[in-house]
Amino acid sequence: MKNFLLLNKLLHLYRTPEDQTYRMLFVDESTVKKILTWENTFKAVEAAMQRVSDGRIVQKPRIMTFIPNTSNVMGTMPGYLQDKQFGALGCKIVTSFPNNAKLENPLPSVNANIMILDETTGIMKAVIAGTEITTQRTAAASAVATKYLYVNQSKPCIVLAVLGTGVQGKIHAEMFRHFFHFQEVRLWNRTKETARSLAEELNKKYNTDSFKYYEDNESCVRGADVIVTTTNSPVAIVRLSWLKPGAHLNAVGANRHHFNELDKEVYRNGDLFVDSVETSQAEIAGLDSVADNLKGEVGAVINGTLKNSPNDRITIFNGIGKFLRYRIGVVPQKELQILRL
Ligand SMILES: NC(=O)C1=CN([C@@H]2O[C@H](COP(=O)(O)OP(=O)(O)OC[C@H]3O[C@@H](n4cnc5c(N)ncnc54)[C@H](O)[C@@H]3O)[C@@H](O)[C@H]2O)C=CC1
Ligand SMILES: O=C(O)C1=NCCCC1
């Protein structure tokens, strides 16, 4: 207890030679939830993607520490983003412990904290709880990619299919309906009951019947305009023959098995976009096998330096190459104002 109090005191009162009263701020999850909106998260991620592609970001591939004999992993993601509104120097630590959901008192499987440092002195200014930021930022990255690779091409936004209804599945279903007004949002999950109860919860929340629960992944995907995969599946859950020409996919899930949610044939017959070619090449195992289909960065499409795919091509956004830039990029203006206090 004594140690805990001491640690707490040290954490909250960081002394510097210039300013003996410099205080470090801790922004907890409930404060983050009050500050973040889907709109400002979207804008921050959009800006971050652009900065990646115009070179105003310093960021090396994340370091993943795998815990032996488990599927648990800790990711360390340092970086610097130069941007008047969203910029910062910092590091996110995120863990993915898939069995947290099975605990007697279940916890989210993905948990994160973000350290923000002063860019002129290098002194730590704040620790921001990063779980909600990670949740929203990941879905916003898929939404930005979908906007620029699909929606802006005047393609239909009638049916959305979401495979996997955990934390990411839920936020993708809600955020995509919010931004793109899908008439039908199909939900599939390995444990059927989870998808059924999420459909029920969201229909109630939005007073609608647009959220539909599907018993099998094939019927969920067939006929969908946009597909999102948010699972830990080590085997393909989407096949090429189920897809409409010109459909768009966001592959969010899987860490060590990056390409496994989508069948290889999907990659071979689609155009693949990432958030950062450099970090994706370093991180995505097997990227070489589909290198011919890697078109480039979403940020380059936004910046107008990369052409979009023809309308009948399948497009894929592989969300695994994005690291700290979004964690930093997603710290919105209001939060930075708090940090400056
Ligand atoms: N690219 C990124 O920046 C991020 C990626 N992720 C990844 O997205 C995925 C989902 O994350 P969360 O929703 O936070 O996790 P979660 O634990 O809330 O949900 C996991 C989902 O995967 C499903 N699932 C697990 N094993 C499966 C299998 N063998 N086959 C089919 N479905 C299976 C579960 O039923 C559940 O729907 C994870 O792979 C996670 O690592 C999550 C956050 C950020
Ligand atoms: O980038 C992230 O954030 C995550 N990536 C994979 C594991 C969960 C969080």
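Whatever order the structure lists ligands and atoms in, that order sets their numbers, starting from 1.
- Of the candidates Val252, Thr191, Val94, Val252 brings a heavy atom nearest to atom 5 (C) of ligand 1.
- Salt-bridge annotation for Glu201 and Lys204: absent, with no side-chain N of the basic residue lying under 4.0 Å from a carboxylate O of the acidic one.
- Put simply, CG on Asn113 and CD1 on Ile133 are 9.5 Å apart, with the number rounded to the nearest 0.5 Å.
- The side-chain heavy atoms of Glu174 and Val185, taken from C-beta on, include no pair separated by under 4.5 Å.
- Below 4.0 Å from some heavy atom of Val110 lie the following atoms of ligand 1, by number and element: 14 (O).
- Looking only at atom types and distance, the side chain of Glu200 has no donor-acceptor partner in the side chain of Tyr213 under 3.5 Å away.
- In terms of polar-atom proximity, defined here as any N/O pair under 3.5 Å, Ser96 makes no such contact with ligand 2.
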Evaluate the side-chain contact (heavy atoms from CB on, under 4.5 Å) criterion for residues Phe211 and Tyr206: first the C-alpha distance (whole Å), next the side-chain angles of each, then the deciding distance (0.1 Å), finally the verdict. CA-CA 10 Å; Phe211 296 93; Tyr206 295 101; 3.8 Å; yes
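- Per-residue contacts place Pro234 under 4.0 angstrom from the following atoms of ligand 1 (heavy atoms of the residue considered): 29 (N).
- Under the 4.5 Å side-chain heavy-atom criterion for ILVMFWY residues, no single connected hydrophobic cluster contains both Val159 and Phe176.
- Near Arg137, meaning under 4.0 Å from any of its heavy atoms, are these atoms of ligand 2: 1 (O), 2 (C), 3 (O).
- Listed by atom number, the atoms of ligand 2 under 4.0 Å from Lys92 heavy atoms are 3 (O).
- The contact set between ligand 1 and Thr165, taken as ligand atoms under 4.0 Å from a residue heavy atom, comprises 37 (O).
- For Arg137, every heavy-atom contact with ligand 1 shorter than 4.0 Å involves the side chain, none the backbone.
- Distances from atom 15 (O) of ligand 1 to the heavy atoms of Ala195, Ser233, Ser109 show the closest one on Ser109.
- Each of the atoms 3 (O) of ligand 2 lies under 4.0 Å from some heavy atom of Thr134.
- Using cut-offs of 30° and 60° on the angle between ring planes, the pair His248 and Tyr150 is tilted.
- Counting only residues at least two apart or on different chains, the side chain to side chain donor-acceptor pair (under 3.5 Å) pairs with a member in residues 299-310 are Gln50-Asn303, Gln153-Asn308, Asp271-Ser309.
- What you find for Asn260 and Pro234 is that their closest heavy atoms are ND2-O, 2.9 Å.
- The hydrophobic cluster containing Val167 does not contain Trp188, counting ILVMFWY residues as joined when their side-chain heavy atoms lie under 4.5 angstrom apart, directly or transitively.
- Between Val167 and ligand 1, at least one pair of N/O atoms sits closer than 3.5 Å.
- Among Lys147, Arg137, Arg51, the single residue meeting the salt bridge (Lys or Arg N to Asp or Glu O under 4.0 Å) criterion with Glu46 is Lys147.
- Listed by number with element, the atoms of ligand 2 under 4.0 Å from a non-hydrogen atom of Val94 are 9 (C).
- No donor-acceptor contact under 3.5 angstrom links the side chains of Thr230 and His172, judged on distance only.
- With a heavy-atom cut-off of 4.0 Å, Met74 does not touch ligand 2 at all.
- Screening residues 150-168 for salt bridge (Lys or Arg N to Asp or Glu O under 4.0 Å), with sequence neighbours left out, gives no hits.
- By the 3.5 Å distance cut-off applied to N or O atoms, Arg62 is counted among the residues near ligand 2.
- Close approach to Gly164 involves these atoms of ligand 1, each under 4.0 Å from a residue heavy atom: 37 (O).
- The distance criterion of under 3.5 Å between nitrogen or oxygen atoms is met by Asn232 with respect to ligand 1.
- By the 3.5 Å distance cut-off applied to N or O atoms, Gly166 is counted among the residues near ligand 1.
- Residue Ala101 places every heavy atom at 4.0 Å or more from ligand 1.
- Looking at ligand 1, you won't find any N or O of Trp188 less than 3.5 Å from one of its N or O atoms.
- If you number the atoms of ligand 1 from 1 as listed, the ones under 4.0 Å from a heavy atom of Gly253 come out as 7 (C), 8 (O), 9 (C), 39 (O).
- Closest heavy-atom approach to atom 36 (C) of ligand 1 within the set Val235, Asn100, Asn189, Ile237: this belongs to Asn189.
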